[in-house]
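Following: one structure in C-alpha cells, then a few remarks.
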Protein chains: 2
Amino acid sequence: MKPEQSVDKLASLAQVTRLRIFRLLVQAGPPGVNAGAIADALGIAPNTLSFHVAHLARAGMVLPRQEGRFIFYSANYPAMDELIAYLTDNCCQGKGRCLPKTAAASTTRRRRQAA
Amino acid sequence: MKPEQSVDKLASLAQVTRLRIFRLLVQAGPPGVNAGAIADALGIAPNTLSFHVAHLARAGMVLPRQEGRFIFYSANYPAMDELIAYLTDNCCQGKGRCLPKTAAASTTRRRRQAA
DNA sequence: TCAATGTTTCCATGATTATGGAAATGTAGC
DNA sequence: GCTACATTTCCATAATCATGGAAACATTGA
C-alpha cells in the first residue's frame, strides 16, 4: 500500500463522527447498515452522514451496496487488515515481540522497508 | 480507550510527514531515533519535525527520552496495539473471521460495545 | 562565561475541513 | 406522470491545520 493511501485511510478514521460510523459498521458485520439507519443510530443529519460516509468510501474503508432504494454500507475488512499490516510492517526490524495482541500482522509478511 | 483518544491517535498518524516519522520509529525499534536524525532522514526542517513529533507525542504514539543533549523518540508499541484492538473490537459481533492477518486483536479480547 | 549544537516556540500565511440548510437526484409504487 | 421516501450535491461559514523563517531555550564542553 502507498503511503498516501494509508494517510487517506487513517484520515478517514481520524474524525469522531466517521470513527463512530466505521465502528458501527465493523460491529454490524458484512451485511452492513443503510445510510438512514446509520444517521438515526448516531443522531446526525442525513447530509452530514452522506459527507462522512462518502469520505470513508473514497478512502476505501467502507463499501456501498445498493438494495432497493436503500444503500447499505459495510466495513471493508480486507482494507482494515492491510492498513494494520502497513502500520506494523517490519516492526522492530522484525526482531522484537512488540505487539502482543497484533502479532500476526508484523510477523507474517516482510516487505520493503521504504520509510 | 475513549473514542476521542483514538481519534487523536489516528489523526496523529493521518498526515504524510507524521506517518513517515512513525513508521521510521516503528522500524527503528525501542532505542528510537533523535530529532535531528529523523529530520535528516526525512529531509524536513527541524521546526517542522518538532511540530509533528510533538503532535505524535501528545497523542501518545511516540515516547521521548532525553539522552545528553539529544532527544530520542521511539514508537509507543502498546499504544499502537491498543489502537488496533479498538478498531477491530467486537468485529462482526465476534462471529466472523474478518481479519486474517490481524486475528489476535479481535478474538482475544471482548470489551463493551460503546460505539 | 562563551561558543556550538540540538531542539523547541513564536508568528504569519495559505490550505484544508466539518457542519447544516436548501435544493437536487435517484428509486419505488400507484 | 405523480407522490413519497432515501440519499446526495451545492453552498456558505467557522474552525482547524501544515509549513517555514526567525528567535528563544537547553545542554555540553572549553
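Sequence lines set the chain letters: A, B, ... in the order given, protein chains first and strands last, and positions in each chain run from 1.
Ranked by how close their nearest DNA chain C nucleotide is to the 5' end, G36(B) and N47(A) are led by G36(B). Each of G68(B) and A14(B) has a nearest nucleotide on DNA chain D; the 5'-most of these lies closest to A14(B). Each of H55(A) and F70(B) lies near DNA chain C, and the nucleotide nearest F70(B) is the one positioned closer to the 5' end.
Taking every side-chain heavy atom of F51(B) into account, dA18(D) is the closest of dG21(C), dA18(D), dA18(C). Closest contact between the side chain of I71(A) and the listed nucleotides dT8(D), dA18(D), dT8(C) involves dT8(D). With distances taken from any side-chain atom of A45(A) to the nucleotides dA6(D), dA18(C), dG20(C), the minimum falls on dG20(C). Comparing dA4(D), dT28(D), dT7(C) by their nearest atom to the side chain of R69(A) picks out dA4(D).
Whole-Å rounding puts the L13(B) CG to dA18(D) C1' distance at 16 Å. Here the P atom of nucleotide dT9(C) and the CG atom of L49(B) are 12 Å apart, to the nearest Å. Between the CD atom of Q66(A) and the P atom of dT25(C) there is a distance of 17 Å, given to the nearest Å. Between the CD atom of E67(A) and the C1' atom of dC5(D) there is a distance of 17 Å, rounded to whole Å. Across the protein-nucleic acid pair, L42(B) atom CG and dA18(D) atom P stand 16 Å apart, rounded to whole Å. Rounded to a whole Å, the CZ atom of R18(B) is 9 Å from the P atom of dC17(D). Between D40(B) atom CG and dG6(C) atom C1' there is a gap of 11 Å when expressed in whole angstrom units. Rounded to whole Å, atom C1' of dT8(D) lies 14 Å from atom CD1 of I44(A).
Contact annotation: T48(A) side-chain N/O to dG21(C) OP1/OP2 distance is not under 4.0 Å. Residue Q15(A) places at least one side-chain N or O under 4.0 Å from the OP1 or OP2 atom of dT19(C). The side chain of N34(A) places an N or O atom within less than 4.0 Å of a non-bridging phosphate oxygen (OP1 or OP2) of dT7(D). Contact annotation: H52(B) does not reach the phosphate of dC17(D) (side-chain N/O to OP1 or OP2, under 4.0 Å).
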Requested in this report: In sequence, state the C-alpha distance, the side-chain angles, and the governing distance for L87(A) and V26(B), and then conclude on side-chain contact (heavy atoms from CB on, under 4.5 Å).
Outcome: CA-CA 8 Å; L87(A) 286 176; V26(B) 163; over 6 Å; no
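In this structure, the separation between CD on Q66(A) and CG on N34(A) is 11.0 Å, given to the nearest 0.5 Å.
Hydrophobic clustering of Ile, Leu, Val, Met, Phe, Trp and Tyr side chains at less than 4.5 Å, counting indirect connections, unites F22(B) with I71(B). Connection of Y86(A) to L99(B) is established within a shared hydrophobic cluster, with ILVMFWY side chains joined at heavy-atom distances below 4.5 Å, either directly or through further cluster members.
Under the 30°/60° scheme for interplanar angles, the aromatic rings of F51(B) and H55(B) are found to stand perpendicular.
Residue contacts shown for Y73(B) are limited to sugar-phosphate atoms, with no base heavy atom under 4.0 Å away.
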